[in-house]
Amino acid sequence: MKTVAIIQARMGSSRLPGKMLMDLCGYPILHWVLSRVKSAKEADRVVLATTTSPRDDALAELAAGLQVAVWRGSEADVLGRFIEAAREALADVVVRVCADNPLVAPEEIDRLIVFYRASLEQGVEPERLYAFNHIPALGNRYPDGLGAEIFSRALLEELAHQTESPYDREHVTVYLWKHPEDYDIRPVPAPCEIAYPQVKLDVDTQEDLQRLRWLCARLSPESSALDLVRAYLDKFCKT
């Protein structure tokens, strides 16, 4: 199976417009995301899925400079954009990474892919299997922003077939979460050393960005998930 990590990014964020190019300790946020995802060992290829809007030209140029493939599609129909990117990359399995997560950990992407493959070996149908470790949900105790979500291209095509709702198609996997009985949803358990769901490493607001700037100024771009969690807890979760 060909496993492709597809990173979703655009400049037109409603909560923090232009954040993909905002500075995070010397590099744009998107640079952090692309560089860290490229370090994952279990992904065969990395693709940036952005829009055809001229304001996203800079994102495509940044990706090209890092030798990351680019697919450009609809701004509103993100599900359709993902499917097109997956088809172009000849992906059998898609790892979806949100560019709101500049500190996504390559070792956690690898853990997710290994978990997914092991689940398939148990006989789960790829058209139904969905796994994740990017958010604290269903008791997995993962920090928010370290991981990703994974599914087959066949499941992605199935989601597109099931819904034409603009909201569902803007948020890619929301239809699946609305109908959990139709899918095999598997949270990856967080390793005990990073099992702190109160840790928030995504960027939705200026406050989030300032918090990550503090972290990144004290750590290296190659810092592990454990390094990040320890630094975060020491600074922001003292009791």
Side-chain angles (χ1 to χ4, degrees), residues 1-10 14 37 40 42-47 49 51 71 73-101 104 108-191 195 197 202 204:
M1 296 185 298
K2 184 176 183 181
T3 302
V4 178
I6 301 180
I7 299 159
Q8 168 185 331
R10 66 188 180 101
S14 57
V37 174
E42 298 293 335
D44 299 306
R45 192 179 182 194
V46 179
V47 176
T51 84
W71 178 264
S74 170
E75 183 164 15
D77 184 6
V78 185
L79 176 54
R81 192 198 320 161
F82 257 79
I83 290 173
E84 292 167 357
R87 289 172 179 166
E88 176 68 16
L90 303 179
D92 299 298
V93 177
V94 173
V95 177
R96 180 181 178 233
V97 180
C98 181
D100 291 348
N101 302 335
V104 58
E108 297 309 321
I109 293 176
D110 289 338
R111 190 189 309 277
L112 175 67
I113 295 171
V114 169
F115 177 91
Y116 180 86
R117 290 172 180 163
S119 298
L120 288 179
E121 289 173 359
Q122 295 171 7
V124 182
E125 298 174 3
E127 294 81 5
R128 297 184 62 247
L129 178 60
Y130 167 90
F132 68 97
N133 66 347
H134 61 313
I135 53 173
L138 303 184
N140 70 347
R141 295 186 56 79
Y142 251 97
D144 189 349
L146 280 180
E149 52 189 341
I150 189 170
F151 36 78
S152 67
R153 193 176 93 195
L155 186 147
L156 201 60
E157 301 271 10
E158 165 68 12
L159 294 178
H161 176 73
Q162 289 293 338
T163 182
E164 291 296 331
S165 161
Y167 182 82
D168 291 351
R169 298 186 71 91
E170 180 184 358
H171 297 279
V172 184
T173 57
V174 72
Y175 179 87
L176 176 147
W177 285 100
K178 286 180 179 178
H179 304 275
E181 68 281 358
D182 294 334
Y183 303 95
D184 191 332
I185 300 175
R186 300 194 175 195
V188 180
D202 60 350
D204 291 322

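Asp168 is linked by a side-chain hydrogen bond (donor to acceptor under 3.5 Å, both in side chains) to Thr163, Lys178, counting only residues two or more places apart in sequence or in another chain. Looking at residues two or more places apart in sequence or on another chain, you find a side-chain contact (heavy atoms from CB on, under 4.5 Å) between Ala195 and Arg141, Ala190. Legend: residues meeting salt bridge (charged side-chain N to carboxylate O under 4.0 Å, His left out) with Glu158, ordered by chain and number and at least two apart, are absent. The salt bridge (charged side-chain N to carboxylate O under 4.0 Å, His left out) test applied to Glu127 returns no partner, not counting sequence neighbours. Shown here are the salt bridge (charged side-chain N to carboxylate O under 4.0 Å, His left out) partners of Lys2, two or more places apart in sequence or in another chain: there are none. By the ring pair (Phe, Tyr, Trp, His ring centres under 6.0 Å) test, Phe115 pairs with no residue at all, sequence neighbours left out. With sequence neighbours left out, the side-chain hydrogen bond (donor to acceptor under 3.5 Å, both in side chains) criterion links Asn101 to no other residue. Residues passing the side-chain hydrogen bond (donor to acceptor under 3.5 Å, both in side chains) test with Arg169, sequence neighbours excluded: Asp77. Not counting sequence neighbours, the partners of Thr173 by the side-chain hydrogen bond (donor to acceptor under 3.5 Å, both in side chains) test are Glu149. Taking Glu157 as the reference, Ile83, Arg87, Arg153 meet the side-chain contact (heavy atoms from CB on, under 4.5 Å) condition, with sequence neighbours excluded. With sequence neighbours left out, the salt bridge (charged side-chain N to carboxylate O under 4.0 Å, His left out) criterion links Arg45 to no other residue.
For the pair Val4 and Val94, the minimum side-chain heavy-atom distance is 4.5 Å or more.
For the ring-ring contact (aromatic ring centres under 6.0 Å, His included) condition, the pairs that include at least one residue of residues 140-174, sequence neighbours left out, are Tyr167-His171.
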